[in-house]
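Below is one structure, written out as structure tokens, with a few remarks after it.
Proteins get letters first, then strands, A, B, ... in listed order; numbering begins at 1 in each. Just so it is clear, the model here is predicted, and its values are computed rather than measured. In what follows, every heavy atom counts, from backbone to side chain, and hydrogens, waters and symmetry copies are set aside.
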Protein chains: 2
Amino acid sequence: MATIYDVARQAQVSPATVSRVLNGRASVDPVLAARVQQAVQDLNYRPNVVARNLRLSQTSLWAVIISDIGNPFFTSMVRGVEDVAQGSGFSVVLCNSDEDPEKEARYVAAALAQRMAGVVISTSGRPNVINRLIEARIPVVAIDRQLRGVSVDTVLVDNVHGAELATTHLLDQGYRRIACITGPRRISTAAQRLRGYQRALKSRGHQPTDNLIRFADFREEGGYRAMASLLDETEPPDAVFATNNLMTVGAVECLVDRGVKVPAKVGVVGFDDIPWAHLVRPSLTTVSQPTYDLGRAAAVLLGERIANPAKPTSMVTLHTDLHIRESSTRPA
Amino acid sequence: MATIYDVARQAQVSPATVSRVLNGRASVDPVLAARVQQAVQDLNYRPNVVARNLRLSQTSLWAVIISDIGNPFFTSMVRGVEDVAQGSGFSVVLCNSDEDPEKEARYVAAALAQRMAGVVISTSGRPNVINRLIEARIPVVAIDRQLRGVSVDTVLVDNVHGAELATTHLLDQGYRRIACITGPRRISTAAQRLRGYQRALKSRGHQPTDNLIRFADFREEGGYRAMASLLDETEPPDAVFATNNLMTVGAVECLVDRGVKVPAKVGVVGFDDIPWAHLVRPSLTTVSQPTYDLGRAAAVLLGERIANPAKPTSMVTLHTDLHIRESSTRPA
DNA sequence: GGGCCACGTCGTATATGGTCGCCATCCGCC
DNA sequence: GGCGGATGGCGACCATATACGACGTGGCCC
């Protein structure tokens with residue numbers, strides 16, 4: 001590949017002038033500029049981003065660290081991030097941590113080593129990993145999940161409120177023994193959605209009981225097992241609120257396998273949509289989140305922080321909506 | 001961030017020795033090595049990958065250029081690529097071209113400028129974009145879709161055979177007017193799956209007719225519109241083979257909206273699975289592809305080419321399977 | 001009209017952070 | 001004492017951006 005020196009020689013100017021022409025930093029004689037442009041064309045020259053990055057000690061890469069690339073929630077979010085990044089001249093490196101703190105730590109180390117321009121992270125838990133980034137002054141935005149103990153830009157949805165909506169809706173439909181399948185305790189969304197569920201029950205005079213609560217893993221299999229275990233209770237639930245999309249799918253699957261009629265026998269509400277929800281029978285009632293916008297908002301925040309590192313950290317909360325479908329509408 | 005010079009000073013050795021300790025290239029006095037390791041720890045030093053890349057004129061990034069990040073087919077594929085990449089010390093930059101050749105060209109230019117170590121591409125069409133990469137001697141692997149006119153490593157599934165399986169199955173079920181909704185002509189998978197469909201019809205003595213063929217866009221809306229247009233034919237089809245997952249979903253949606261019973265009135269077979277196919281009613285008969293393995297195979301090929309650029313190009317073809325479910329099993 | 005100053009434009013040199021070739025040195029062994 | 005192997009350090013190099021210096025020209029003022 002041609003270098004800036006090759007272009008300079010071809011255009012009979014100095015490398016500095018070529019650089020000036022390409023970056024438009026300083027004024028250059030139009031005649032020389034034209035010669036440079038021509039030489040760039042002739043040699044099919046592309047500036048070496050690596051060298052530029054080294055010189056400027058900044059890169060044009062963002063790392064997006066998510067916990068499950070198989071979950072459509074995250075792919076939609078990534079797309080939101082990516083569209084904004086692309087618009088501001090950044091590329092997105094996708095990092096799939098699989099909820100494994102060790103894998104996450106590896107990716108953070110890579111982001112550090114690559115001197116990435118910024119990181120969007122939906123953390124699998126431990127905040128000490130993130131501190132590495134903060135110490136190195138790499139801009140970070142937490143998305144979907146909150147980081148404890150560190151002050152970083154954050155984009156969330158109103159998890160507590162969404163969970164309240166879901167639970168209240170089940171109560172309104174006449175369900176009384178409402179279970180909750182939530183995610184790992186250490187993850188803020190799992191905790192907040194559980195809190196919303198409990199709050200809704202209490203505010204209607206019901207006492208949440210621990211044997212109707214399950215802590216699963218935010219995956220399909222976990223939802224399946226949790227549902228099975230709930231059905232095996234001596235007093236099984238007549239409804240279930242699952243705090244993410246994949247666990248909802250798993251729970252419904254379990255109900256189908258056991259021949260439990262939804263919504264007649266057991267009502268189901270999930271948190272976050274799944275694609276083709278309208279084709280699933282029974283169609284699923286969900287608390288839907290603006291996943292794409294979540295990604296966009298995080299990307300905008302990251303861009304702003306890169307432009308102005310001294311900016312005070314902010315938290316953006318997006319709204320959720322209850323989409324009522326078949327799985328929770330009890331026949332009269 | 002600490003540099004290699006800081007570490008050298010702290011450990012009272014030369015930068016070269018630090019480099020040797022970290023890369024294990026040459027033998028170093030254990031005492032000095034220990035001092036270096038200690039200094040690395042103390043300073044929380046991370047080698048600057050940018051500088052290393054510049055010096056070695058090679059990077060540790062792979063670009064994966066796909067046409068639709070919203071399609072679970074591609075996310076699963078990306079995951080396959082990513083798992084292998086991670087294992088060989090590469091990171092994956094995800095590039096979503098949205099079937100837009102211009103966006104694709106931009107990503108290729110970025111890969112070139114970043115001097116990426118390799119590119120996995122599921123191209124949206126024009127091969128001249130790829131030639132840029134080949135000229136720059138950047139290793140390329142074509143995945144899912146073939147590149148015309150250039151000799152590159154390629155990973156495909158047996159599209160023609162899969163389509164034959166699907167079409168023959170519909171014939172076996174007694175469907176006679178079988179339509180085909182395929183993708184853009186310029187994309188090899190669309191063409192090959194159409195060819196398989198036509199071949200299957202012919203081998204059973206049926207003549208494929210153009211008014212039962214639609215060229216859509218591989219998306220849900222396109223599938224919907226194509227199905228609608230097929231139903232509006234004077235002699236509408238009694239079955240449809242859709243050549244990707246999203247168009248299948250769109251077609252079924254259209255049938256549901258119009259109250260056309262599946263599979264009684266119209267049978268449906270799709271190419272490639274969708275997640276939660278088992279929850280969709282009617283459950284969808286599909287030609288399933290090993291999406292994750294497709295990604296893995298491409299990544300392995302890319303790794304091999306990077307290790308040995310002179311290696312002759314190879315083509316890997318993975319097998320498809322027909323998964324018969326409800327949408328194509330005609331009641332007797 | 002001439003001289004001086006200022007500004008615009010260009011080239012040279014250096015910095016970025018690593019890696020590695022080459023050479024010098026040191027130590028051990030024969 | 002000499003030779004050889006192992007190890008450390010110096011310096012070049014990767015491609016780019018930019019500070020700084022130099023040069024030339026134009027305008028203004030005397």
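Of the N and O atoms on the side chains of B:E104 and B:T123, at least one donor lies less than 3.5 Å from an acceptor on the other residue. B:E304 and B:S314 are not linked by any side-chain donor-acceptor pair at a separation below 3.5 angstrom, with hydrogens and angles left out of the test. Between the side chains of B:Q10 and B:Y45, no donor-acceptor pair of N or O atoms lies under 3.5 Å.
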Stepwise salt bridge (Lys or Arg N to Asp or Glu O under 4.0 Å) test for A:R145 and A:E99: CA-CA 12 Å; A:R145 302 173 179 183; A:E99 301 281 11; 3.0 Å; yes

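Between the CD atom of B:E82 and the CG atom of B:L94 there is a distance of 9.0 Å, given to the nearest 0.5 Å.
The rotation axes computed at either terminus of the helix from C:dG1-D:dC30 to C:dC30-D:dG1 lie 50° apart, taking five pairs at each end and rounding to 10 degrees.
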B/S/- contact track for nucleotides 5-15 of chain D, protein heavy atom under 4.0 Å: --SBBB-BBBB

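For B:D6 (side chain) and B:A2 (main-chain N/O), no donor-acceptor pair under 3.5 Å exists by modelled atom type.
Electrostatic pairing of B:R79 and A:D68 counts as a salt bridge here, judged by a charged N lying under 4.0 Å from a carboxylate O.
Contact annotation: the side chain of B:Y292 approaches that of B:D83 to within less than 4.5 Å [non-hydrogen atoms, C-beta and beyond].
Between the CG atom of A:N53 and the C1' atom of C:dA15 there is a distance of 16 Å, rounded to whole Å.
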